[in-house]
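Reminder, nothing fancy here: chain letters follow the sequence lines and each chain counts from 1.
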There are 2 protein chains.
Amino acid sequence: METNLFREHERNSADFLKEILNKEGFRLTSQRQKILELFNAEGGEHHLCAEEIHQKLAEQGEKISVSTVYRALHVMVNLGLLQELELAEERKYYELRSPVLHQHHHLVCVHCGEVNEFEDAIITQVSGHETQERGFSLLNSQFTVYGICPRCQGRYIN
Amino acid sequence: METNLFREHERNSADFLKEILNKEGFRLTSQRQKILELFNAEGGEHHLCAEEIHQKLAEQGEKISVSTVYRALHVMVNLGLLQELELAEERKYYELRSPVLHQHHHLVCVHCGEVNEFEDAIITQVSGHETQERGFSLLNSQFTVYGICPRCQGRYIN
DNA sequence: GTTCCTGCAAAAGTTTTGCAAAAAT
DNA sequence: ATTTTTGCAAAACTTTTGCAGGAAC
């Protein structure tokens, strides 16, 4: 069961991205491709912030400026490829966008920052119910649970 | 049915605040009192950011610096009096903290920024379930639904 | 060829911090 | 009297923007 828009087209990821971009008058650039590849790399980080993206690409020898990263992230959010997350931190994180029905949510340890993901169809139902009741259209939802993970419970919590 | 920690002690709100502060080695100051009074004022804004707090207090003739507002907000979050919200905006918002069982959540119009609140016990149940399953202790949770409100649906969405 | 995109550096906006004076305990 | 808190100004950090050169269409 695939849960992200991008992986479904992995074989021709560049073509797929180009199509999506061009449809809206944007252009395919190597920088945008590299950023999306980073998100798509399996086993890697799921949640990335602009600075992390910039640094990881720099480590791979890619030349890309921070402002380009920010601009690319905005474009991809607007195209529906990425979703912006508000975790416990001061900066914004991004992840590949899941279709609403397979959306996952986050359980964050406020002590060590560990992030767990989970899915729950009820959350989607509640989103649909609340939006319908007020005549809103539903775009997406974000559910974040904060707690202290088992490892950190043993330590003194400041 | 009271839903916030502060209102329960409204008659002696200053004493109540002082007690909470002193218990942790903090001191009661007029600035901290004024900030909490602002949140507690009924019919007022529920969600306030640092700059709004600073401005509203200035309008009332209170002298308080922005840095004091930030410092007071941090103290009150740590004491459990306020909760930090990550709405759709670039800055952080705060509201009086509700006991977990009566927590409310937010429905945000991404176009005009209108914020609706709602309660749903199922959200609390899911929070409890997910934390227990992974051995986390539950601190709180935040559920935000993004959509477009009825008024904005008629307009062109950029 | 035209339009969009990038990189750079500078700017903007929010939040934090160092320090001396003031206030709370 | 001691310790915390405040206000101010400066700094730190994330994010945005203007502009000229370069790349994609």
Side-chain angles (χ1 to χ4, degrees), chain A residues 14-36 38 47-58 60-79 81-82 84-94 158, chain B residues 14-36 38 47-58 61-79 81-82 84-94 113 158:
Chain A
D15 291 351
F16 172 65
L17 178 56
K18 184 172 194 300
E19 191 179 309
I20 292 186
L21 286 164
N22 291 355
K23 194 180 298 175
E24 303 292 333
F26 296 106
R27 292 173 182 183
L28 178 65
T29 65
S30 65
Q31 290 90 338
R32 289 171 180 170
Q33 235 178 295
K34 291 295 184 327
I35 290 175
L36 208 43
L38 202 57
H47 317 101
L48 297 168
C49 66
E51 198 49 60
E52 284 170 351
I53 292 167
H54 179 248
Q55 192 177 318
K56 280 176 191 283
L57 290 179
Q60 300 178 188
E62 304 293 339
K63 283 181 183 302
I64 184 171
S65 72
V66 185
S67 45
T68 298
V69 173
Y70 279 105
R71 284 188 275 225
L73 289 172
H74 291 173
V75 168
M76 294 182 199
V77 168
N78 285 332
L79 291 175
L81 291 168
L82 296 181
E84 205 172 84
L85 300 179
E86 314 273 355
L87 298 179
E89 317 296 325
E90 54 291 323
R91 48 185 98 58
K92 289 174 186 158
Y93 283 80
Y94 297 83
N158 177 27
Chain B
D15 291 348
F16 173 64
L17 178 55
K18 183 172 195 299
E19 190 179 311
I20 290 186
L21 286 166
N22 291 355
K23 194 182 301 177
E24 303 293 332
F26 296 105
R27 292 174 182 183
L28 178 66
T29 66
S30 66
Q31 290 91 337
R32 290 171 178 169
Q33 234 178 296
K34 290 294 183 330
I35 291 174
L36 208 44
L38 202 57
H47 316 104
L48 298 167
C49 65
E51 197 49 60
E52 283 170 351
I53 292 168
H54 180 246
Q55 191 177 320
K56 279 174 191 286
L57 290 179
E62 305 293 339
K63 284 182 186 298
I64 184 171
S65 73
V66 185
S67 45
T68 298
V69 173
Y70 279 104
R71 285 188 275 225
L73 289 173
H74 291 172
V75 168
M76 292 182 200
V77 168
N78 285 331
L79 292 175
L81 291 167
L82 297 180
E84 206 172 83
L85 300 178
E86 313 275 352
L87 299 178
E89 318 294 327
E90 52 291 325
R91 49 185 98 57
K92 288 174 186 158
Y93 283 81
Y94 296 83
N158 177 29

Using a cut-off of strictly less than 4.0 Å between a heavy atom of the residue and any atom of DNA chain C, enumerate the qualifying residues of residues 63-74 of chain B by number. Ser67(B), Tyr70(B), Arg71(B), His74(B)

So, using side-chain contact (heavy atoms from CB on, under 4.5 Å) as the criterion, who are the partners of Leu28(A) when residues are at least two apart? Leu17(A), Lys18(A), Leu21(A), Gln33(A)

His54(B) has an atom NE2; how far is it from atom P of dT14(C), in whole Å? 13 Å

Rounded to 10 degrees, the angle between the two terminal axes of the helix from dG1(C)-dC25(D) to dT25(C)-dA1(D), each from five pairs: 40°

Whole Å only: how far is the CD1 atom of Ile35(B) from the P atom of dT6(D)? 8 Å

Got a sec, which pairs hit salt bridge (Lys or Arg N to Asp or Glu O under 4.0 Å) with one end in residues 21-34 of chain B, sequence neighbours left out? Lys34(B)-Glu62(B)

Check this one for me: any side-chain N or O of Lys18(B) less than 4.0 Å away from OP1 or OP2 of dT25(C)? yes

Could you grab the distance from atom NE2 of His74(B) to atom CG of Leu79(B), nearest 0.5 Å is fine? 12.5 Å

Does the Glu52(A) side chain pair with the main chain of Cys49(A), one donor and one acceptor, at a distance under 3.5 Å? yes

Cut-off 3.5 Å, no hydrogens considered: what does the side-chain donor-acceptor table look like for residues 63-70 of chain B, sequence neighbours left out?
unit_1: Ser65(B); atom_1: OG; unit_2: Ser67(B); atom_2: OG; d: 3.3
unit_1: Ser65(B); atom_1: OG; unit_2: Thr68(B); atom_2: N; d: 3.3
unit_1: Ser65(B); atom_1: OG; unit_2: Thr68(B); atom_2: OG1; d: 3.0

Interface with DNA chain C, restricted to residues 20-32 of chain B and to heavy atoms under 4.0 Å: Asn22(B), Arg27(B), Leu28(B)

Rounded distance (Å) that lies between atom P of dT5(D) and atom NZ of Lys34(B): 17 Å

With rounding to the nearest 0.5 angstrom, report the CG to CD1 distance, Asp15(B) to Ile20(B). 11.5 Å

